[in-house]
2 protein chains.
Amino acid sequence: MKVTIKTVAAHAGVSIPTVSRVLNSPDLVNPETRIKVLDAVAALDYYPNGHARGLRLQHATAVGVMVPKLDDFFFSRLYRGIYDTALKHGLTVLLYDAQSDPQRIVGGFSTLKRQQSSGIIFCSATFPAHYSTLTARLGIPVVLALTESEQHDIPAFKVDDVRAAFDAVAYLITRGHRSIGVIAGPLRDPGAGPERFQGYKLALSHYQLPFSDEHVAFGAFRYEHGYAAMTELLLHRANTHITAVFAASDEMAIGAMRCIHDHGLQVPDDISVIGYDDVVLANMITPKLTTIAQPLEEIGRMAVHSLVAAISEGQLPDSKTHYMAHSLVPRESVKSLPYDTS
Amino acid sequence: MKVTIKTVAAHAGVSIPTVSRVLNSPDLVNPETRIKVLDAVAALDYYPNGHARGLRLQHATAVGVMVPKLDDFFFSRLYRGIYDTALKHGLTVLLYDAQSDPQRIVGGFSTLKRQQSSGIIFCSATFPAHYSTLTARLGIPVVLALTESEQHDIPAFKVDDVRAAFDAVAYLITRGHRSIGVIAGPLRDPGAGPERFQGYKLALSHYQLPFSDEHVAFGAFRYEHGYAAMTELLLHRANTHITAVFAASDEMAIGAMRCIHDHGLQVPDDISVIGYDDVVLANMITPKLTTIAQPLEEIGRMAVHSLVAAISEGQLPDSKTHYMAHSLVPRESVKSLPYDTS
DNA sequence: ATAGTTTCTGAAAACGTTATCATTTCCGCT
DNA sequence: AGCGGAAATGATAACGTTTTCAGAAACTAT
């Protein structure tokens with residue numbers, strides 16, 4: 001029933017090592033016997049036992065991918081980059097969904113280790129110092145995608161959040177907006193939180209616009225949070241007269257749009273909205289969402305490359321953050337205002 | 001550097017089998033030595049080598065999950081059900097994204113096999129007969145989730161599409177709609193195509209409403225297709241006077257909503273829309289989409305259970321289709337019409 | 001006290017590969 | 001003819017586990 005290298009060897013009338021050679025270094029074996037063996041392999045539908053190989057050859061066979069919440073819309077493109085690159089390196093990908101539960105993240109590390117991950121790509125959530133000690137104990141390297149560690153001691157691949165946020169807000173400003181609200185991420189979330197907020201403030205000061213607390217609200221990146229934050233911003237609208245909002249995630253942007261709609265206002269006629277992420281559905285809603293796009297596949301590829309290097313070298317090559325180019329995708333949710341001559 | 005069972009044994013001053021016993025059947029070993037060993041395990045951060053175990057114990061260690069397109073919004077919930085159940089069975093999950101490319105599906109089967117999948121859960125795409133022969137050659141069982149095979153010779157877990165579609169359309173009818181359009185899936189896609197269309201027709205005839213070709217358009221489930229199909233339906237609107245549309249997928253429903261909006265009409269005031277899938281974003285758009293929900297996690301769980309049975313028994317237990325309960329989620333995209341007294 | 005039984009532990013084999021080494025065969029050369 | 005070396009193949013060990021199996025020690029019952 002079960003076909004092993006032994007079966008193939010018997011079927012081809014050669015020894016076991018010869019079969020192995022045909023499969024791994026064909027030039028070492030006589031062409032005639034080679035085709036005999038290959039015929040046997042084909043006839044028997046032989047697939048080498050990965051466990052035996054993994055045991056014998058001692059190199060890595062799998063990498064773990066830890067994702068805080070698989071529902072995140074941008075994830076599929078990141079996975080594509082990771083998976084294809086991993087496959088090229090002969091690596092299996094083990095996907096762990098933490099379902100937004102910090103407990104599950106901690107447990108996930110050892111689950112991934114137990115499942116033979118030789119390294120972990122940790123995505124998009126915040127990576128506190130004690131995770132480092134955790135993974136250090138497991139003895140497997142970690143690289144970060146779409147996030148940074150608190151101590152900046154782990155290689156990371158992400159967009160320059162400050163610059164990207166700056167560009168988003170500058171886009172609004174150069175379209176004539178002067179009173180711009182922001183829906184920022186929690187300040188404790190490195191990357192998506194303080195940095196994007198910082199980019200907002202930098203853009204204001206660069207264009208010499210005043211900053212005021214009434215222009216800012218916070219939310220934890222989800223749809224509901226965007227809705228709630230927008231409610232707050234609209235509360236002060238009598239004072240602020242905002243004409244545009246920058247949201248730190250597309251999901252919040254979409255929540256905000258819904259909120260604006262519920263208040264009897266129109267996007268972008270009354271209020272323009274710009275998001276961050278370029279999730280698939282940014283292009284599906286009405287109006288289509290103008291937003292910041294990240295090179296997700298590229299980030300996935302780079303993360304795997306870096307991880308492979310770390311695994312084979314036994315040590316992390318460069319624990320610095322690598323910034324990848326972002327871009328702004330203009331769609332329909334931002335309106336150009338006539339130049340204000342006041 | 002590398003810590004194996006041997007290291008632990010030495011550190012605890014016992015033999016290798018004893019360590020193994022402590023880990024696998026603790027009651028066979030003296031409590032005193034047991035804690036000695038457990039201390040060593042903890043001190044050394046020992047994790048058993050999965051390849052060695054996989055080789056020695058001959059049972060399955062991984063299941064493959066083939067998904068036609070990872071972007072599909074409903075996928076994360078299905079994965080959750082699959083992953084957690086697999087973990088409980090000590091199985092690793094290998095996720096393969098075919099990226100809508102039939103070529104990749106075919107290649108994916110052997111990739112998954114090479115990565116030691118002992119079985120495959122094939123999701124949501126159509127499963128033609130020749131896939132059966134392919135996987136039969138690989139010698140691994142397949143179960144289907146959210147789809148059916150053409151010959152009905154493979155266990156499948158899904159919603160009863162005919163009934164679910166019937167319910168969706170009946171919902172519209174009982175809300176007063178008499179002229180209802182349908183955006184159906186391609187008739188060659190078993191399950192989501194002909195069945196849902198059939199459900200539509202059954203509902204019409206059950207309520208003694210006439211069927212007409214001008215009420216139907218087709219699309220391949222994506223946003224753009226929904227948009228295009230709706231354009232077509234609106235073309236005949238002068239004749240049909242449709243007040244509602246049933247779309248065979250939420251994505252198409254959302255595309256249709258956008259199309260309706262682009263024609264200067266309102267959902268649900270001018271046209272009601274009901275979808276199918278209950279993807280996360282159905283709850284995010286404006287207006288929120290009324291739709292048919294499938295028990296995705298449950299389906300994932302059942303698929304794994306069935307696959308595990310098939311793997312251990314060596315034979316498929318029941319190659320019939322298991323219908324799981326669906327439900328209708330009322331939200332905002334359907335309007336009740338006043339009773340028509342004409 | 002001794003035989004029989006239970007409780008605990010270690011030695012050895014096996015899972016399916018690949019790498020090292022040794023052996024055989026064959027070729028070209030003096 | 002004899003010899004060095006290349007080319008091709010096979011025997012064997014090893015990777016890290018778990019599972020017999022057997023043996024030692026400690027009881028229990030006579």
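Hydrogens, waters and symmetry mates are skipped; everything else that's a heavy atom, side chains included, is used. Numbers restart at 1 for each chain; the letters A, B, ... are given by sequence-line order, proteins then strands.
Residues Leu138(A) and Phe109(A) meet the side-chain proximity criterion, which asks for heavy atoms closer than 4.5 Å. Here the side chains of Leu78(B) and Gln294(B) are not in contact, with every heavy-atom distance at 4.5 Å or above. Put simply, the side chain of Arg34(B) does not reach to within 4.5 Å of the side chain of Val37(B), judged on heavy atoms. Residues Thr147(B) and Lys158(B) fail the side-chain proximity criterion, which asks for heavy atoms closer than 4.5 Å. Put simply, the side chain of Leu23(B) reaches to within 4.5 Å of the side chain of Val41(B), judged on heavy atoms.
The side-chain hydrogen bond (donor to acceptor under 3.5 Å, both in side chains) contacts involving residues 86-98 of chain B comprise nothing, where partners must be two or more places apart or lie in separate chains. Residue pairs satisfying the side-chain hydrogen bond (donor to acceptor under 3.5 Å, both in side chains) criterion with at least one member in residues 119-135 of chain B, sequence neighbours excluded, are absent. Residue pairs that meet the ring-ring contact (aromatic ring centres under 6.0 Å, His included) test with at least one member in residues 2-32 of chain B, sequence neighbours left out, do not exist here. Under the ring-ring contact (aromatic ring centres under 6.0 Å, His included) criterion, the residue pairs touching residues 35-70 of chain B are His51(A)-His51(B), with sequence neighbours excluded. Applying the side-chain hydrogen bond (donor to acceptor under 3.5 Å, both in side chains) rule to pairs touching residues 62-71 of chain B yields Ser76(A)-Asp71(B), Arg80(A)-Asp71(B), sequence neighbours excluded.
Applying the salt bridge (Lys or Arg N to Asp or Glu O under 4.0 Å) rule to Asp39(A) yields no partners; only residues at least two apart in sequence or on another chain are considered. Partners of Arg114(A) by salt bridge (Lys or Arg N to Asp or Glu O under 4.0 Å), not counting sequence neighbours: none found.
Only at 4.0 angstrom or more do the heavy atoms of residues 28-37 of chain B sit from any atom of DNA chain D, so none qualifies. Of the residues in residues 7-21 of chain A, Val14(A), Ser15(A), Pro17(A), Thr18(A), Arg21(A) come within less than 4.0 Å of DNA chain D through at least one heavy atom, sorted by number. Within residues 48-59 of chain B, the residues having any heavy atom closer than 4.0 Å to DNA chain D are, in order of number, Pro48(B), Asn49(B), Ala52(B), Arg53(B), Arg56(B), Leu57(B).
Nearest heavy-atom pair across Val159(B) and Pro295(B) is CG2-CD, 3.8 Å. For the pair Leu95(A) and Tyr79(B), the tightest heavy-atom approach, listed with the atom from each and the gap, is O-OH, 2.7 Å. Minimum heavy-atom separation, Gly119(B) to Leu307(B): C-CD2, 3.7 Å.
First and last contacts of DNA chain D with chain A, using any nucleotide atom under 4.0 Å from a protein heavy atom and ordered 5' to 3', fall at dA8(D) to dG16(D).
Contact between the side-chain N/O atoms of Tyr46(A) and the OP1/OP2 oxygens of dT17(C) is found at a separation under 4.0 Å. Close to dG16(C), at under 4.0 Å from its OP1 or OP2, lies a side-chain N or O of Lys2(A).
Between the axis at the start and the axis at the end of the helix from dA1(C)-dT30(D) to dT30(C)-dA1(D) there is an angle of 50°, using five pairs per end and rounding to 10 degrees.
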